[in-house]
Amino acid sequence: MADLTILYFAWVRERTGLDEEHVERPPRGTTIAQLLDKMSSHSEGHAAAFAERGRLRAALDQQFFPLDTEIGEARELAIFPPVTGG
Amino acid sequence: MADQTPSIAVRVTEEDFDTGAELARLEALPGGAIASFTGLVRDDGGLTALRLEHYPAMTQAQISAVVQQACARWPLLGVTVIHRFGELPVGARIVFVGAVSYHRVAALEACAYLIDWLKVSAPFWKQEIRRDGSRGWVEAQNADDARAALWRRREGRLDPI
């Protein structure tokens with residue numbers, strides 16, 4: 001199955017130091033939060049970006065979902081702070 | 001009323017816009033009641049500019065979904081939403097929302113609904129660029145979530161106001 005693309009925005013992008021990365025698709029049933037737990041060990045930047053879980057929001061294939069959602073078949077995951085447009 | 005398909009324009013752009021020209025487009029539609037909101041970069045002591053980042057693959061679709069919800073709720077003949085991104089100096093226009101209906105209440109309410117929902121559902125992030133060169137991300141306001149939630153309550157199932 002295709003890899004998972006992860007996009008980062010705002011201070012999550014700054015902390016990870018990455019606009020996007022491609023990771024091996026996590027096992028079936030893995031939630032967004034569980035993937036972030038696992039990826040926190042990738043670098044100090046990832047750990048810093050994912051530490052404040054209450055300040056993170058997510059989208060799967062361009063739709064907002066809570067962090068306890070299973071990633072399932074989604075091709076694109078985005079992680080970002082609460083939006084501040086308008 | 002408003003059996004015809006509303007004329008909808010949604011633009012996500014780095015370019016500035018002409019508020020007068022946008023209002024003129026809405027005035028040219030039948031309806032006769034136009035309400036609009038324009039948001040500018042506010043001079044919050046020490047700020048020189050805002051830099052707006054967004055999620056390009058998602059932004060247009062999110063804004064269009066909010067517009068569709070407004071059209072389902074009020075008899076609208078036209079809607080325009082323009083949201084800019086990039087670096088915008090103090091005084092620059094950031095966002096324009098305009099709604100046309102037959103009567104003022106529908107136009108005014110739809111306009112407020114559109115900007116309230118855009119604030120909580122369009123994937124934009126504002127970064128402040130201050131006079132001393134420092135930068136900081138703007139924090140989301142609980143009050144914005146509360147405003148959007150108010151519209152949900154007014155749908156009637158919970159706590160009508």
Side-chain angles (χ1 to χ4, degrees), chain A residues 2-23 25 32-33 35-36 39 44-69 71-86, chain B residues 10 12-13 37-42 50-66 81-86 88 93-97 111-128 135-148:
Chain A
D3 287 354
L4 179 67
T5 300
I6 310 182
L7 307 180
Y8 302 114
F9 294 97
W11 55 256
V12 182
R13 173 177 54 71
E14 291 180 337
R15 290 184 189 180
T16 60
L18 297 167
D19 292 328
E20 71 172 79
E21 61 182 319
H22 302 271
V23 302
R25 181 167 292 280
I32 298 166
L35 179 65
L36 297 185
M39 291 182 67
E44 282 182 21
H46 283 79
F50 302 154
E52 297 176 82
R53 210 47 71 80
R55 296 177 67 206
L56 295 180
R57 300 291 181 271
L60 289 169
D61 289 340
Q62 299 95 43
Q63 300 269 341
F64 291 122
F65 282 100
L67 296 184
D68 61 1
T69 307
I71 293 162
E73 306 297 311
R75 303 180 68 85
E76 185 173 285
L77 167 65
I79 306 292
F80 42 77
V83 302
T84 54
Chain B
V10 173
V12 179
T13 175
F37 172 85
T38 309
L40 310 184
V41 180
R42 194 171 46 233
L50 287 178
R51 197 184 67 80
L52 277 96
E53 177 172 329
H54 76 124
Y55 181 0
M58 184 172 176
T59 312
Q60 185 97 13
Q62 285 292 114
I63 296 175
S64 295
V66 172
V81 176
I82 305 169
H83 205 305
R84 297 179 67 194
F85 61 94
L88 306 175
R93 284 173 279 267
I94 305 172
V95 63
F96 175 88
V97 171
C111 183
Y113 177 95
L114 286 161
I115 188 65
D116 284 349
W117 274 103
L118 284 184
K119 284 194 89 78
V120 298
S121 67
F124 286 92
W125 298 274
K126 289 189 182 114
Q127 188 180 40
E128 293 181 341
R135 290 174 178 237
W137 293 96
V138 173
E139 292 284 334
Q141 301 293 316
N142 289 334
D144 289 336
D145 286 327
R147 288 243 4 133

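Within every chain, numbering begins at 1; the chains are lettered A, B, ... in the order of the sequence lines, protein sequences first and strands thereafter.
Atom CD of residue Glu53(B) and atom CH2 of residue Trp11(A) lie 12.5 Å apart, to the nearest 0.5 angstrom.
Inter-residue side-chain proximity for Met58(B) and Glu76(A) is flagged as unmet; no heavy-atom pair is nearer than 4.5 Å. In this structure the side chain of Thr84(A) never reaches within 4.5 angstrom of the side chain of Phe124(B), judged on heavy atoms.
Among Trp137(B), Phe37(B), Phe85(B), the residue making the largest number of heavy-atom pairs under 4.5 Å with chain A is Trp137(B). For the options Val138(B), Asp144(B), Val97(B), heavy-atom pairs under 4.5 Å to chain A are most numerous at Val138(B).
For a residue to count as touching a neighbouring chain, one of its non-hydrogen atoms must lie under 4.5 Å from one of that chain's; by this rule Ala57(B) touches chain A with backbone and side chain alike. The contact between Arg55(A) and chain B is made entirely by side chain atoms (from C-beta outward), counting heavy-atom distances below 4.5 Å. For Arg51(B), the part sitting under 4.5 Å from any heavy atom of chain A is the side chain, from C-beta outward, and nothing else. Proximity to chain A is limited to the side chain of Gln62(B), based on heavy atoms less than 4.5 angstrom apart.
Residue-environment remark: CD (Glu44(A)) stays at or below the threshold of 12 foreign heavy atoms within 6.0 Å.
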Evaluate side-chain contact (heavy atoms from CB on, under 4.5 Å) for Glu14(A) paired with Gln127(B), printing each intermediate quantity in order.
-> CA-CA 12 Å; Glu14(A) 291 180 337; Gln127(B) 188 180 40; 3.3 Å; yes

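The minimum heavy-atom distance linking Val95(B) with Gly86(A) is given by the pair CG1-C, 3.7 Å.
The aromatic rings of Tyr55(B) and Phe9(A) sit tilted relative to each other, their planes meeting at an angle between 30° and 60°.
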